[in-house]
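For reference, the structure is listed below as structure tokens.
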Amino acid sequence: MPKRSADPITADLTEPQREAVLYGDGPLLVIAGAGSGKTRIITRRIAHLTREGIAPDRILAVTFTNRAADEMRRRVETLVGRDVLVTTFHSFCARLLRREIAALGMQPSFSIYDQADSARVVRQICKEMKLDPTTYQPARLRERISLHKRRLQTPEQSTGQAVGIGEQTESRVYARYEERLRASNALDFDDLLGKVIELFNVCPEILRQYQETYLHVLVDEYQDTNLPQHLIAHALQGKHRNITAVGDPDQMIYTWRGARLENILEFDKDFPAAHVVTLERNYRSTANILRAASTCISFNQMRHDKLLWTDSEAGEPVRVMQFRDSYDEAQRIAQTVQELIEGGSEPNEIAVLYRTNYQSLPLEDSFASLNLPYQIVDTVGFFERKQVKDLRAYVQLLVNPDDDEAFLRAVNVPRRGVGDKTIEKLRQSARRAGGSLLRTARRSSELDELDSRSRHALERFCTLYDDLASVQHKTVLSFLKHLIEETGYVEAVPPEEREDAEEVIDHLLEYVTQYDRRQPGGDLVGFLEQTALISDVDGLNPRAHAVPLMTLHSAKGLEFDVVFISGLEEGMLPHERALRENPYGGEDYAVEEERRLMHVGMTRARRKLYLTHALKRMIRGMEQTVRPSRFLSELPEEGVAWESDGPAVTVGFGAARPVQETQFVLERKRAQLKVLDGDGNGRISAGARVAHPSYGEGVVASVDSAGKYVLVRVAFLERGVLSLLLSSDDVERL
DNA sequence: TAAACCGTTGTTTTT
DNA sequence: CAACGGTTTA
């Protein structure tokens, strides 16, 4: 029962927020716009549920990134005082499979392959099949395999559906890839989800057990779930039917990872009688920032109407800054940051965002030259480092001796004279006799085709392996130190890389120290799982006294006083790859996702937003002239200040700069506006009576042509004056 | 057989 | 500008 004002869980909530937090049993969907208190809903709801008597260990909360999970776990803990399982889909599945995978006939010591590992396997297969690497790019094939898996298609099914030689080859690679992973007792990221679904299908009694356990399932960022994730969430809530899904379609930025907007847009299809709460009030940003962001996102056609509004003051204008080139841009951003810090801003409250990771390089240089503290939130970086991968491979091989990928990496690092030829012979022998590479290497004395040198090298490796396996360690740290010692890893690094390598290793040891502290008992499997699934260890430390630099993707879910979005150019922010997917030159799905990314970035800002672009940028090592992003031309006139170093170059896109009314609504949807009573020609003009499906009837106040677009202001009877943006074509058709 | 060298290739985003 | 693959050299 909610108490009135003094209730710490609901006291500071608005009515719709309270409704979501206190909602009773049954499926609940919360559509929560940027800055509307999304995380707060989930944490408070968990607190509310435990207060209602639900045991914390019968609540499952799922988020998308490890960072978000950590953050939420912390908040819940302070609120509830007890541990609630807050995790990502992938690590939830990994843990579940460690317990249950025997039911599928697999070993619980399975390895987890990341994208790079998968790519290696695919590359190897392509070589074996002698495929032309230009027609069959390994990276593309890996992506295609992942696509099949996300649709839950087996290799057999994909073979059945394959059309043409290309797709047939593709499914043959897929089949071999599966064989390879099964033989190595390995699962890739897609398998973690897929195997859980398989398990639930094959063993309903296991599913029933988990359904029983979780009285409530809460999923954050539901707009980014893919089909397997949707199915897992659906399966888990199957008994008690208590699912809370929170999300915002306008922040869906993971199509390339299989995110399906339908999961959230058609939520009530799969979760009948779902209660829906919509949160449209933004508490985060100034009115100027929110107007700019809303205007930008309103250019998306495939979009459900949602109006974000705020009571905040206008604040400073959004600043658009133009620079000669990307170095100039980086330098001036750093200078501006410096001025902000001198003016009293906290460095960790100023973020610089960009589309691609490599854009951080000039920024790093500029920050360093001004002695400004910064932290790169490099999401893949650290665990992709060679040294980490090498040492990890040893641990992986000890845990899972069948893992051929781990064997291949460990066997000749440091160099012990096991080269391509030896490996090839080992491979052939392994294929003939069956069994893993490690097992085959153990029998190297029986392999006639090996010369004595290679044989000796393999024997040495096996002895090392047995030594490492024989020693029990109390902590992962002591094991790792022992490993580095025994392998002579550091000594084998060439002198010019030594310093760098030592730094990486120190960093790893530091991470492991923390891991041991969190997870006493020195579990190597747990360590591997963490390092396979956590990508952002290096990630943001919100308390560090440093300016975070990160991609727009990794900024999702965060907020800062000041935000810079850099590199706003055609080809960078709508990324060229998205533009290439536009066969008709019109905008489509890919560009709209880029616009959502822009929207996510803009709505990270509380007080100040800077949008920067350069006229020249280094691409593939060559300086190229680039045009400003179309997204800049979509900014409203009000509350935006344009600045330039030299003579300003006009923004290259002819899109209208829409005039603003009290609400920031723009619509471009064809046929949404119907002329009820016009000037007789069917043309839209001032005074015409019109109807709109969501806003009802109204009278056209004015029609302004602005290049490619026509801005129609309509006084709706119920909603007041709104601006609608139509393309000229649309108006012709009305 | 393995390491050093050179030319070609193509670069989003992340669990 | 890097990372990869193929080629030459020790």
Side-chain angles (χ1 to χ4, degrees), chain A residues 62-69 87-94 112-120 123 126-127 133-134 137-140 143 146 149-150 187-193 221 224-226 228-229 252-259 353-362 377-381 383-384 386 412 415-425 450-454 457 494 529-536 539 550-557 567 571-581 590 593-594 596-598 600-601 617-623:
Chain A
V62 185
T63 65
F64 242 71
T65 62
N66 297 292
R67 194 208 299 130
T87 176
T88 64
F89 270 107
H90 286 86
S91 73
F92 173 78
C93 290
I112 298 171
Y113 282 6
D114 67 13
Q115 200 164 288
D117 300 326
S118 298
R120 266 168 68 115
R123 208 177 303 137
C126 288
K127 242 188 217 158
T134 42
Q137 291 169 15
R140 249 190 73 82
E143 184 53 42
S146 174
K149 291 192 171 196
R150 291 188 314 236
L187 300 179
D188 63 21
F189 284 160
D190 294 312
D191 286 333
L192 291 176
L193 307 171
E221 309 279 13
D224 285 321
T225 52
N226 62 22
Q229 289 165 334
M252 203 284 274
I253 54 177
Y254 284 109
T255 299
W256 48 274
R257 223 171 65 189
L353 312 182
Y354 35 78
R355 176 68 232 263
T356 61
N357 273 306
Y358 72 72
Q359 288 174 269
S360 70
L361 293 172
V377 181
D378 186 352
T379 42
V380 272
F383 282 102
E384 297 284 301
K386 183 182 176 310
N412 205 30
R415 302 246 123 90
R416 10 183 114 79
V418 182
D420 293 348
K421 278 275 146 68
T422 313
I423 293 296
E424 198 38 52
K425 285 172 186 165
L450 291 176
D451 58 47
S452 65
R453 200 153 51 119
S454 312
E529 198 152 297
Q530 290 266 308
T531 52
L533 297 173
I534 285 195
S535 58
D536 46 346
M550 70 186 102
T551 63
L552 288 159
H553 280 89
S554 41
K556 193 170 72 160
M572 288 303 305
L573 196 39
H575 194 270
E576 60 169 333
R577 216 150 151 149
L579 296 175
R580 235 182 286 149
E581 286 169 39
E593 179 146 326
E594 299 289 305
R596 287 195 291 270
L597 203 46
M598 172 82 176
V600 165
R617 181 169 298 275
M618 291 295 266
I619 299 170
R620 290 193 196 100
M622 291 205 309
E623 186 158 77

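Numbers restart at 1 for each chain; the letters A, B, ... are given by sequence-line order, proteins then strands.
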>> At 4.0 Å (heavy atoms only), tell me whether K425(A) reaches a base, stays on the sugar-phosphate, or touches nothing.
In response: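 Answer is sugar-phosphate: K425(A) comes under 4.0 Å of backbone atoms only.
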Length of the line joining [X]:[atom1] and [N]:[atom2], which is rounded to integer Å:
X: L361(A); N: dA2(C); atom1: CG; atom2: P; value: 8 Å
X: L552(A); N: dT14(B); atom1: CG; atom2: P; value: 10 Å
X: H575(A); N: dG10(B); atom1: NE2; atom2: C1'; value: 12 Å
X: Q115(A); N: dT13(B); atom1: CD; atom2: C1'; value: 10 Å
X: Y358(A); N: dC1(C); atom1: OH; atom2: P; value: 13 Å
X: N66(A); N: dT14(B); atom1: CG; atom2: P; value: 13 Å
X: N226(A); N: dT14(B); atom1: CG; atom2: P; value: 16 Å
X: I423(A); N: dA2(B); atom1: CD1; atom2: P; value: 9 Å

Pairwise side-chain contact, [X] with [Y], heavy-atom cut-off 4.5 Å (strictly under):
X: D188(A); Y: D117(A); value: no
X: N226(A); Y: L193(A); value: yes
X: T63(A); Y: E221(A); value: no

> Which value, in whole Å, describes the distance between the C1' atoms of nucleotides dT13(B) and dC4(C)?
Replying inline: 22 Å
> Now, which nucleotide makes the Watson-Crick or G-U wobble pair with dT13(B), with each of the two distances under 3.5 Å?
Replying inline: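 Base-paired to nothing in any strand shown.
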> DNA chain B: T422(A) or F64(A), which has the more 5' nearest nucleotide?
Replying inline: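 Mapping each residue to its closest nucleotide by heavy atoms, the 5'-most match is T422(A).
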> If you pin L597(A) and N412(A) to their nearest nucleotides in DNA chain B, which one's is more 5'?
Replying inline: N412(A)
>> Assess the residue pair E593(A) and R596(A) against the criterion (salt bridge (charged side-chain N to carboxylate O under 4.0 Å, His left out)); give the C-alpha distance rounded to whole Å, side-chain angles, the decisive distance to 0.1 Å, and a yes or no.
In response: CA-CA 5 Å; E593(A) 179 146 326; R596(A) 287 195 291 270; 3.2 Å; yes
Does a nitrogen or oxygen in the side chain of [X] sit under 4.0 Å from OP1 or OP2 of [N]?
X: R123(A); N: dG5(C); value: yes
X: N357(A); N: dT14(B); value: yes
X: K386(A); N: dA3(C); value: no
X: T551(A); N: dT14(B); value: yes

> By centroid distance (under 5.5 Å) and plane angle (under 30°), are Y254(A) and dT14(B) in a stacked arrangement?
Replying inline: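 One would not call Y254(A) stacked on the dT14(B) base.
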> Taking the six-membered ring for Trp, are Y254(A) and F64(A) parallel (under 30°), tilted (30 to 60°) or perpendicular (over 60°)?
Replying inline: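 If you compare the ring of Y254(A) with that of F64(A), the planes turn out parallel.
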